[in-house]
**Student:** 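Once you've had a glance at the structure underneath, I'll fire off some questions.
Computed from heavy atoms alone, side chains included, the values below leave out hydrogens, waters and symmetry copies.
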Protein chains: 2
Amino acid sequence: MAASTLTEVARLAGVSPATASRVLNGSDRKPGPGVSERVRQAAEELGYIPNAQAQALAKSSSGLIGLIVHDIADPYFSAIARGVQSVAKTQNKMVLLATTGGTPADEKEAVAAFAARRADAIVIAGSRSSRPEDQKANTELAAELDRYCRNGGHVGIVGQAIVGAGRSEGYHLVELPNEQLASELAAQLAQLHSGEFVIVGGPEGLVTSDDRIRGFQKGLANAGRAPAEVVNTSFNRAGGYDAGRQLADRIRSSQEAEDGGDPAYTRKSRLCVFAANDVMAIGAVAALREEGLRIPRDALVAGFDDIETLRDFRPALSTVRLPLEEIGRLATMSTAGYSRKETLARSKTADESGHQPASTGAAHFGDGQGPAVTGEVKLRRSTQWTP
Amino acid sequence: MAASTLTEVARLAGVSPATASRVLNGSDRKPGPGVSERVRQAAEELGYIPNAQAQALAKSSSGLIGLIVHDIADPYFSAIARGVQSVAKTQNKMVLLATTGGTPADEKEAVAAFAARRADAIVIAGSRSSRPEDQKANTELAAELDRYCRNGGHVGIVGQAIVGAGRSEGYHLVELPNEQLASELAAQLAQLHSGEFVIVGGPEGLVTSDDRIRGFQKGLANAGRAPAEVVNTSFNRAGGYDAGRQLADRIRSSQEAEDGGDPAYTRKSRLCVFAANDVMAIGAVAALREEGLRIPRDALVAGFDDIETLRDFRPALSTVRLPLEEIGRLATMSTAGYSRKETLARSKTADESGHQPASTGAAHFGDGQGPAVTGEVKLRRSTQWTP
DNA sequence: TAGTGATGGGAAAGCGCATTCCCGTTTCAT
DNA sequence: ATGAAACGGGAATGCGCTTTCCCATCACTA
């Protein structure tokens with residue numbers, strides 16, 4: 001038994017498919033009450049489920065929102081995904097998921113796949129890459145996005161603009177104040193302790209990581225401190241762990257140099273490790289502990305993101321709270337309000353009349369001054385130590 | 001500029017749409033090399049992207065896999081989602097996401113939405129509810145799933161069978177040995193310490209939670225221990241936290257009774273808290289600590305799931321490792337290998353020939369002895385204490 | 001050389017629905 | 001009473017693609 005079609009429903013109800021369509025998928029024309037009743041009943045009886053594909057084809061609007069993340073199991077992305085999902089629900093849309101591991105080439109493919117499905121909007125979360133070897137793929141990604149936009153699509157980008165993407169209509173950027181907040185974090189940590197700093201970041205060229213590192217350095221500089229050494233590793237728990245292993249050696253040797261092996265010696269200067277995200281920070285702590293060091297007695301550790309699941313970690317991580325779910329929501333809402341068709345119609349009108357249509361509430365998302373995302377520096381136990 | 005269509009490509013290449021279709025989306029008939037070349041070039045030139053909706057409509061196979069979870073930001077589900085996503089990718093399919101908060105009514109709607117989109121398969125992760133008030137919704141969910149299956153869909157269910165769902169073809173269950181593993185955990189914990197046990201579980205009627213609780217009690221019974229008291233709360237961090245608050249009082253008063261207020265007294269019997277999942281366990285630990293208690297000195301805590309992000313938590317949680325990503329993969333693979341069309345054809349053939357087609361490798365997933373998911377009990381610091 | 005089967009290409013019929021016309025009724029102002 | 005305007009319904013077209021079905025061509029074998 002194949003799924004029943006609108007035509008079957010119409011036949012059973014003794015009306016034309018047109019009428020059946022009108023009553024079942026509310027059009028501006030309201031059919032007579034008797035007819036409506038019959039059709040609805042027929043639909044019920046047959047267990048009619050409209051074919052969304054056919055609807056999409058006929059209406060050229062799919063009710064789909066594409067979401068691109070590096071890894072859905074990463075709490076950073078799953079928090080954003082929750083936000084995206086929540087507004088999708090309010091708009092009666094569904095979210096299509098693509099994970100790319102951060103490869104621009106994969107991201108390009110994901111965009112193409114979403115475009116093929118005529119997604120009403122695409123949300124790209126996850127850091128851009130500015131690595132030279134990714135440049136070609138980035139350009140292609142930008143081209144793909146441009147095409148998607150020209151065809152009436154809307155894309156919401158979390159974080160940084162796509163390298164090389166035109167600022168055309170359809171782009172909506174939710175900027176994250178990574179640099180700013182990292183700088184503030186550094187400032188506050190600099191006040192708190194006088195020792196050296198080390199930064200554990202992702203691979204060079206991962207924009208989010210680079211931004212945070214740069215911000216942190218700026219904050220240190222403003223506080224009159226020397227620039228911190230940077231350890232580049234992978235932008236996840238494993239990377240933090242590896243860095244932690246490396247740092248443990250250094251910490252121990254500098255301790256010996258300072259206390260001359262006297263266990264009763266009270267250390268004045270501890271190393272403060274800033275990891276460019278919380279998951280890395282946790283990895284670093286794990287490694288340091290395995291090496292027999294204690295936090296915050298032997299080293300201070302700070303992170304970034306304020307991942308929910310990690311808030312109960314002890315000693316609590318000093319970090320920067322980013323409203324991730326809200327960010328996902330913002331990025332999605334920034335793209336919303338227009339179906340593909342409306343957008344195409346709008347731009348056509350604009351072409352004819354020779355000027356842009358008045359910008360609506362949602363439109364201002366694209367003008368470079370995206371919605372305000374405010375973070376918050378949180379100082380907690382992992383960077384505070386009184387002997 | 002609207003997206004270019006196959007017809008436009010065909011025209012540019014000077015061939016018929018039929019031929020263009022054949023060369024661009026591989027059919028069994030291979031067009032001549034000269035023609036292929038021209039068509040491919042035309043497609044490139046126009047930036048042709050096939051309309052997946054139209055393809056789906058024509059082929060009645062959408063390349064979509066629907067995934068239903070309670071909450072995508074919950075690490076349990078996001079780990080499963082990663083597994084689902086990974087096999088989707090190998091099959092060149094995309095994942096459609098729906099979150100339901102665990103409400104059977106929402107799940108029913110999600111299934112309907114997936115059916116409307118003609119998803120090739122649906123994976124349902126997340127516990128069923130056996131609460132009386134959900135019974136009606138469960139029945140409807142089962143009906144919706146049945147219909148979906150009859151129309152050639154495949155559904156992979158993680159955990160427990162849908163209450164009331166027929167065991168018809170198309171259902172594929174990945175059973176989780178929750179009860180079994182909880183029982184083993186209890187057995188090992190019972191060996192480790194002699195004190196009392198308390199179970200912190202989700203709301204009564206949440207099958208996963210109930211299974212784990214029952215298993216734990218069985219394990220205790222087998223070890224000759226009295227049944228543990230059960231605290232029912234919400235199946236998340238907040239629930240664990242609340243329970244922790246409650247338990248703190250009790251722990252303190254029983255401590256006073258035992259040691260008479262002597263701080264040097266070495267406690268013999270500690271309360272061992274088994275939380276029905278790791279996130280709850282973490283919540284409980286947080287609450288206990290806020291109350292000034294220490295783990296494992298004042299209380300032991302065990303969880304379930306072995307959530308990746310929480311492995312670095314200290315003291316390390318005793319828990320049960322479930323291969324979540326693998327589970328997601330299994331559930332997805334169990335549904336795979338058939339397009340909707342093939343399945344419909346197969347069942348038609350079966351009808352005519354009067355017997356079931358030979359079961360393939362994948363088919364055995366539906367026969368009640370689903371793929372083997374093996375977990376592992378992990379005893380760690382949070383339940384081990386030597387004064 | 002006629003006959004036969006393969007082969008590559010096109011015409012056309014849907015897939016299931018929305019939507020634009022178009023037409024017969026009714027309603028209301030004149 | 002009469003025309004216009006609204007209204008409720010149906011026929012038909014098209015969304016973009018796949019897939020039969022059919023036809024012309026070609027390479028063989030007899």
**Student:** Quick check: closest heavy atoms across A/Tyr48 and A/Leu6, and the distance to 0.1 Å?
**Tutor:** CE1-N, 3.4 Å
**Student:** Atom OG1 in A/Thr90, atom CD in A/Gln85: separation rounded to 0.5 Å?
**Tutor:**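 Spacing of OG1 (A/Thr90) from CD (A/Gln85) equals 10.5 Å.
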**Student:** Nearest heavy-atom pair of B/Ala331 and B/Val174: which atoms, and what distance?
**Tutor:** CA-CG2, 3.6 Å
**Student:** Atom CZ of B/Arg11 to atom C1' of C/dG10: distance rounded to whole Å?
**Tutor:** 15 Å
**Student:** Taking side chain as C-beta onward, heavy atoms only, is A/Ile68 less than 4.5 Å from A/Phe114?
**Tutor:** yes
**Student:** Closer than 4.0 Å, any side-chain N/O of B/Thr19 to the OP1 or OP2 of C/dG10?
**Tutor:**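 Answer yes for this pair, as a side-chain N or O of B/Thr19 is under 4.0 Å from OP1 or OP2.
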**Student:** For the pair made of CZ in A/Arg22 and P in C/dT20, what is the distance, rounded to whole Å?
**Tutor:**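 One finds 10 Å between P of C/dT20 and CZ of A/Arg22, rounded.
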**Student:** Scan nucleotides 15-17 of chain D against the protein and return all N/O pairs shorter than 3.5 Å with their distances rounded to 0.1 Å.
**Tutor:**
{"residue": "D/dC17", "atom": "OP1", "partner": "B/Tyr48", "partner atom": "OH", "Å": "2.4"}
{"residue": "D/dC17", "atom": "OP1", "partner": "B/Asn51", "partner atom": "N", "Å": "3.3"}
{"residue": "D/dC17", "atom": "OP2", "partner": "B/Leu6", "partner atom": "N", "Å": "2.3"}

**Student:** Examine distances only and state if a side-chain atom of B/Arg329 and a backbone atom of B/Gly83 form a donor-acceptor pair shorter than 3.5 Å.
**Tutor:** no
**Student:** What is the distance from CG of A/Leu24 to C1' of C/dT19, rounded to the nearest Å?
**Tutor:**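 After rounding, the reported distance stands at 16 Å.
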**Student:** Identify whether the distance between the nearest side-chain nitrogen and carboxylate oxygen of B/Glu109 and A/Lys89 falls below 4.0 Å.
**Tutor:**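 Salt bridge absent between B/Glu109 and A/Lys89.
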